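The model shown is predicted, which means the values in this text are computed figures rather than measured ones. Naming convention: chains lettered A, B, ... in sequence-line order (proteins, then strands); numbering from 1 in each chain.
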There are 6 protein chains.
Amino acid sequence: MFYHVKELQYNAKPSQPDPVYAKKLQEILGGQYGEMSVMMQYLFQGWNCRAEGKYRDMILDIATEEIAHVEMIATMIAQLLDGAPAHDQEQGAKDPAVEAVLGGMNPQQAIVSGLGAQPNDSIGYPWTARYTIASGNLLADFRANLNAESQGRLQVCRLYEMTTDPGVRDMLSFLIARDTMHQNQWMAAIEELEETQGAVVPSTFNQKYEKQEVSYSFMNFSEGEDSSTGKWAYGPTLDGQANFEYVQNPKAMGQKPDLQPGPRYIHGTSP
Amino acid sequence: MFYHVKELQYNAKPSQPDPVYAKKLQEILGGQYGEMSVMMQYLFQGWNCRAEGKYRDMILDIATEEIAHVEMIATMIAQLLDGAPAHDQEQGAKDPAVEAVLGGMNPQQAIVSGLGAQPNDSIGYPWTARYTIASGNLLADFRANLNAESQGRLQVCRLYEMTTDPGVRDMLSFLIARDTMHQNQWMAAIEELEETQGAVVPSTFNQKYEKQEVSYSFMNFSEGEDSSTGKWAYGPTLDGQANFEYVQNPKAMGQKPDLQPGPRYIHGTSP
Amino acid sequence: MFYHVKELQYNAKPSQPDPVYAKKLQEILGGQYGEMSVMMQYLFQGWNCRAEGKYRDMILDIATEEIAHVEMIATMIAQLLDGAPAHDQEQGAKDPAVEAVLGGMNPQQAIVSGLGAQPNDSIGYPWTARYTIASGNLLADFRANLNAESQGRLQVCRLYEMTTDPGVRDMLSFLIARDTMHQNQWMAAIEELEETQGAVVPSTFNQKYEKQEVSYSFMNFSEGEDSSTGKWAYGPTLDGQANFEYVQNPKAMGQKPDLQPGPRYIHGTSP
Amino acid sequence: MFYHVKELQYNAKPSQPDPVYAKKLQEILGGQYGEMSVMMQYLFQGWNCRAEGKYRDMILDIATEEIAHVEMIATMIAQLLDGAPAHDQEQGAKDPAVEAVLGGMNPQQAIVSGLGAQPNDSIGYPWTARYTIASGNLLADFRANLNAESQGRLQVCRLYEMTTDPGVRDMLSFLIARDTMHQNQWMAAIEELEETQGAVVPSTFNQKYEKQEVSYSFMNFSEGEDSSTGKWAYGPTLDGQANFEYVQNPKAMGQKPDLQPGPRYIHGTSP
Amino acid sequence: MFYHVKELQYNAKPSQPDPVYAKKLQEILGGQYGEMSVMMQYLFQGWNCRAEGKYRDMILDIATEEIAHVEMIATMIAQLLDGAPAHDQEQGAKDPAVEAVLGGMNPQQAIVSGLGAQPNDSIGYPWTARYTIASGNLLADFRANLNAESQGRLQVCRLYEMTTDPGVRDMLSFLIARDTMHQNQWMAAIEELEETQGAVVPSTFNQKYEKQEVSYSFMNFSEGEDSSTGKWAYGPTLDGQANFEYVQNPKAMGQKPDLQPGPRYIHGTSP
Amino acid sequence: MFYHVKELQYNAKPSQPDPVYAKKLQEILGGQYGEMSVMMQYLFQGWNCRAEGKYRDMILDIATEEIAHVEMIATMIAQLLDGAPAHDQEQGAKDPAVEAVLGGMNPQQAIVSGLGAQPNDSIGYPWTARYTIASGNLLADFRANLNAESQGRLQVCRLYEMTTDPGVRDMLSFLIARDTMHQNQWMAAIEELEETQGAVVPSTFNQKYEKQEVSYSFMNFSEGEDSSTGKWAYGPTLDGQANFEYVQNPKAMGQKPDLQPGPRYIHGTSP
């Protein structure tokens, strides 16, 4: 169950409206790696958690924080949209320059949401649950989370570069700092799990059932060999089980496919 | 540019048809973490790569392999569907047991694709490009890739458990082994990049611009404190810059939002 | 079955082309609350109707009108796009101002539809059937319809404010008037149904099976009590069965979740 | 900002696992009218609210409650999935009856989420933000909310009929009761707004700009006249401004469309 | 503008309910190549038509017929769902065989649409406008239409094979016949256009601007040469301009890509 | 299985960056009729092919070429984005003209993909597998392919007209030429199949089961008769089986629908 506190987790006050930037900022609200994604991903990972209690608690603590991040960004966007666009019935905006700038605004933020934030990304594509994962395997999921926080911080930094508004930058500096923490948090949790479970997900599948002769081979599917010079091509593997092998000319090991004709009632094309 | 080889990378021959399993197997072909996702993700990461040549080469080598994995699974699915469903014009299937089993088949694999594989997942949802990321930042993207190979191997292992067909298991054992390699590969590449760039993405954003007082704080947004007992709550942070701090009762640091009325021509509800 | 009349239900003639406005106008054609949504929603409600004949007839009458509204708006959009964009092979548009204005145009209206209307909204997102509902319960659905006509009229009014073209405004004034009628129509139909069925949907579920101690309680999930001052917090309830109760500090009534470990073959993380 | 309480708002304990029912129950979690929809709809309506403070507070109180409903249903689903499916590596399920029943299970709840709830509906379609609306006009939005609670309660009642598990029914009886309250709540809020603003949304658009001769006409677009016998066809209109008029044979009032040829560089088909 | 006729274009009366078949039949209602697709595709092609009047008229005649086809199938589905599923509060269905068969039913047809048709396909995926095209070039679009009627008739024939219900087959036999006509219709219209415009779309683009040395070459991107034995590999081309050329070993003609580093403020990975 | 060649199939070098054009060019990469669509459509048609070996080989040859086309366009887009947008932390772009032009850029190409191509179309909508078809019936599918190459060439020609950059036009002239070939290729393959199978898909369905009295009738669902003057309305049908018949006033041949009340436990509205 949840309680709401009326104050925001941190300041969300722009120095002035900027409807074009309001459109861009939607990316970190409702985009693939926006705050809605981590909020919903962590909530479901927490609710589905069958592991030790400290994991469930930790995941739901950060999930709860992410709801507050969505709230901050939504509040910021509504203020960036204040008073836009400056068209009205008596005096249609006729200044081509104003028109041009407003051309960069998302029209739905006026027509649909009436100058409010939307659960969409920077091109207006709606948030979808397929952005999230809760697999029941925490090591897999924590890697998903580390990726989400990495992509997320990258996007917030890019948005920081695209504005000079001190109020907007103040809020973004908070989100960037929290993403620093959250990257560290998931790295720490991953380290803890890898120590007990091993590095390959899932660790509970017996490796004798996998085709072990190709478990550690880098296959070079192109004519040059630049790809042989990275850590993935020689030396000990990261799971500590073997050494990488570089296969210069990988060959097909399977059959040439030859499908049977379909039955008559399928009305396909048969030989 | 690409060339095609008519043989498969590895065997894809089921012992017998199984249309219900054909439906499930679609998950690792066209699902969120199926082979189409890694194929397209790696292709775009390679094509967009602005880094050292060895990274581009390595990414495109594995991308090219993934096309072959899609091919193997598609070929397998077509064979699992051989001869299904056993309905025809003269003699409709009337055996309730047959009906029941076929109830578990995906009807589109008969009606739409005529007993062929589809670029969809196990519930028939079509593959979408929003499953992929190519951000231009390789450390971020390699974390995405490590996650994709972790979720992917997990799903293939679960599918391995759901069948006893030796031919299907043979193919899956190959895919599981390659996922072992690919997890190791991305871990190695991540280690290489972290050594030169640092662990927090993006490393090129100057941390003095972030709100540093909250960069390493775990915030406990619930009444209990189980979450204080993991590695994310105390001790040195993984980026080597600080120690984790546990905040027992995080407080709101921002304003109580108070939005201005919208302009008249928006026709919203104002105070 | 349907017949087509070649004339439009009402005028759809712009005074001049305006490709940027053509993009915005797509919202009320193929958007969440555009004419395609009410057209398809009413058609399916009518076709699925198991109630008295007058309801089926009324619903299909309005559905048939809505097809004509889609036709009018599509015709208007095609004309707003006349002659845009002014690029051609011999003389590429080089005037930055023209470029800037055209930057606000939807590129698909040139590249994909060749200066024609699209079944999409103002940001180009395609219409989807998930915008509609036909539940088999008319009181529920008429509430959906009243909402659709309310959101729809609101959006048309906003679009009316964004243009000064007399031809466009003439068409919009017709659509706004019809939405006035349609809001009244659904309010009348709702009133008629509520009189015989009661106000809570579905009225046929015996209330003794619901947890009646919380059927009329407003729960205050935040620290302040502004929410206690509206009609939803005191006085008789709208279904005439009780009085609203204001719960100042709602408490959790359920268990602390404690999930069982998953089976081994699922390869999740267990305690 | 938000805080999490570890206990659920109400009991969510099934008497026994039922993976087929777990699939169906997803509808009210991640479906078009599931709890995720009202949760996100109310959150955005609250965050974007530019009206009187009591509305914002009320909306966010109910939004916060809805997060707890998602939590309850997710927890229930995870338990309904306990131990399913009963396949494993040593002993594949071979009993056709078991196979048949499991054919009704959603395969992603095993393969993807490892026996956890998903942010999807009962056929596995992912939740999308296009299910929600926050328009900035509260009367419009409260009608959306009343519809959502009507469709929602209808679906929960249908699901109640589809199970006999006392634990599941106990939880559903709570959700049904809360939906009774929430329908009453939005009806009360609508009544309050209509009293001050009038019944037609948006009330701030001057009706002199609409085509008033068709503002109150029911148009009969079919040959019979059953549709003339409802309250929408005669008597005073619900906004109190006029009487309904029944138009037996509505005629086209607009032009026969005649589009100009497109420019040469569009390469369309011209006359 | 449109008028509705209360009778269906043709019979739509099943001999008995069959909820599992009702699910499958959705494919030709709301699937990629269902009747909704041709209905919307033809409506938009007609409304956007800038060519000779006879084309617009013809396209809208067939579009209007397609609305009636959607109506027939929707009516059929509602009747196939009559009385399903046989669960109720007093007596839950406990017969495993009944359960098993019902496992093949789409749960949304009970929970969401209350035994009514849905604008979705046979796996419940919602119809989307991206299934349609209206490009402004009639030759291109008539090829799209010929494809749609080919895929459509194929799917109806497959569904015909999956039932023995005489009432269902009666309706399908009508739809199959109309698809025979519609394939012939589009072939005739294509022949007419090709005679005046030539066979390659768009015919108005001057071929001197294309890279003519590869305009008629079949490129063999694999090791074997089976592909050299079809009509596409030798002899005169279908546009009458040249002869096909078979290129046994196509070579790369372009550069090895070498992208510039991104700017600093993008925070990507640079060499 | 596949091999990668590091050189592009043809040149992809723009004369200068142009981020606004980069957005538009996405249409033929990840749009409905972009290169990703034909690549995936042909791959699945080839992998699912149950017909003569030469068809499978031919389809996979062209599929393999299409991967190279995606590669060329992706490479072009990355270069068109070089150095955009010109914002940075020290000196925010303040020039309104620059702002205006950049308003036409897709913000995700900076924020999400860091100046790289995306698997999306020109408005940023992600590529979806529902753009493709592989039905198992080659005549149907080759018609789909002919349509795809027709729409594709049309779009590339339109994009050619929208730029004057010689490098971009060079690449497009190659793609246009290949689309000339591919239209000819599918026309040749269609001719070959029609000669042996007949023109109506599927040819294996016995026409005696279709409602033959309407198999060749054009139905005029509107008041005028312009539609009677095309080749689809008189003379021999294209399948050589009959003559077209023109039905001036098509009448309803089916029942007036009258649905039964739903069962009580569905809680719908009954008569």
Side-chain angles (χ1 to χ4, degrees), chain A residues 1-7 23 46-56 60 85 87-94 96-97 99-112 114-115 118 120 123-126 134-142 193 196-197 201-205, chain C residues 20-21 23-28 31-33 96-106 121-125 128 151 154-165 169 219-224 226 249-254 256-262 264-271:
Chain A
M1 205 175 77
F2 294 81
Y3 290 112
H4 184 236
V5 174
K6 290 195 171 65
E7 286 76 26
K23 170 184 172 171
W47 292 331
N48 286 334
C49 187
R50 294 173 186 273
E52 229 180 305
K54 71 174 179 177
Y55 290 112
R56 168 186 276 262
L60 285 173
H87 291 226
D88 73 19
Q89 202 167 324
E90 282 70 36
Q91 178 202 36
K94 285 290 164 198
E99 274 291 341
V101 168
L102 291 175
M105 182 182 167
N106 180 337
Q108 290 193 330
Q109 291 187 321
I111 302 169
V112 177
L115 310 185
Q118 297 187 296
N120 302 338
I123 57 124
Y125 187 81
S135 73
N137 184 297
L138 291 187
L139 182 50
D141 288 356
F142 290 177
L193 284 172
T196 56
Q197 297 189 12
V201 169
S203 57
T204 46
F205 186 84
Chain C
V20 176
Y21 194 79
K23 170 184 171 171
K24 294 175 187 161
L25 199 53
Q26 289 278 162
E27 189 62 37
I28 56 168
Q32 183 185 10
Y33 290 109
V98 172
E99 274 291 342
V101 169
L102 290 175
M105 182 183 165
N106 180 336
D121 68 16
S122 63
I123 57 125
Y125 187 82
T128 159
Q151 303 287 349
L154 178 62
Q155 293 183 1
V156 182
C157 289
R158 285 169 175 168
L159 280 160
Y160 186 97
E161 308 276 11
M162 290 179 185
T163 183
T164 55
D165 182 304
R169 285 194 158 185
M219 297 185 186
N220 175 47
F221 281 101
S222 57
E223 80 280 29
D226 288 352
N249 289 303
K251 296 295 174 202
M253 305 162 71
K256 188 170 158 188
D258 186 20
L259 302 181
Q260 288 183 26
R264 192 198 53 72
Y265 51 79
I266 285 293
H267 299 290
T269 306
S270 298

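- Taking the six-membered ring wherever Trp is involved, the centroid distance between the rings of C:Tyr125 and A:Tyr125 falls below 6.0 Å.
- Across A:Ala51, A:Gly136, A:Pro202, A:Gly53, the residue that shares the most heavy-atom pairs under 4.5 angstrom with chain C is A:Ala51.
- Comparing C:Pro261, C:Gly224, C:Gly268 by heavy-atom pairs within less than 4.5 Å of chain A, the highest count is held by C:Gly268.
- Comparing A:Glu52, A:Gln197, A:Lys6 by how many heavy-atom pairs each has under 4.5 Å with chain C, the most go to A:Lys6.
- For C:Gln155, the parts lying near chain A are the backbone and the side chain together; criterion is any non-hydrogen pair under 4.5 Å.
- Rounded to the nearest 0.5 angstrom, C:Leu259 CG and A:Asn48 CG are separated by 7.5 Å.
- Across every non-hydrogen atom of A:Tyr3 and C:Lys251, the tightest pair is OH-CA, 4.4 Å.
- Without hydrogens or angle criteria, C:Ser122 side chain to A:Pro107 main chain gives no donor-acceptor distance under 3.5 Å.
- Residue C:Asn220: no heavy atom, backbone or side chain, is found under 4.5 Å from chain A.
- Of the possible donor and acceptor atoms, none in the side chain of A:Arg50 sits under 3.5 Å from a partner among the backbone N and O of C:Ser270.
- C:Gln26 CD to A:Ile111 CD1: the interatomic distance, rounded to the nearest 0.5 Å, is 10.5 Å.
- Among all heavy-atom pairs drawn from A:Ala110 and C:Met162, the shortest one is CB-CE, 3.5 Å.
- Ranking A:Val5, A:Thr204, A:Asp141 against chain C, the residue ahead of the rest is A:Thr204, based on heavy-atom pairs under 4.5 Å.
- The structure places CD of A:Glu7 at 6.0 Å from CD of C:Glu223, a figure rounded to the nearest 0.5 Å.
- In this structure, no portion of A:Val201 lies under 4.5 Å from any heavy atom of chain C.
- Heavy-atom minimum distance, C:Ile123 versus A:Asn106: CG2-OD1, 3.3 Å.
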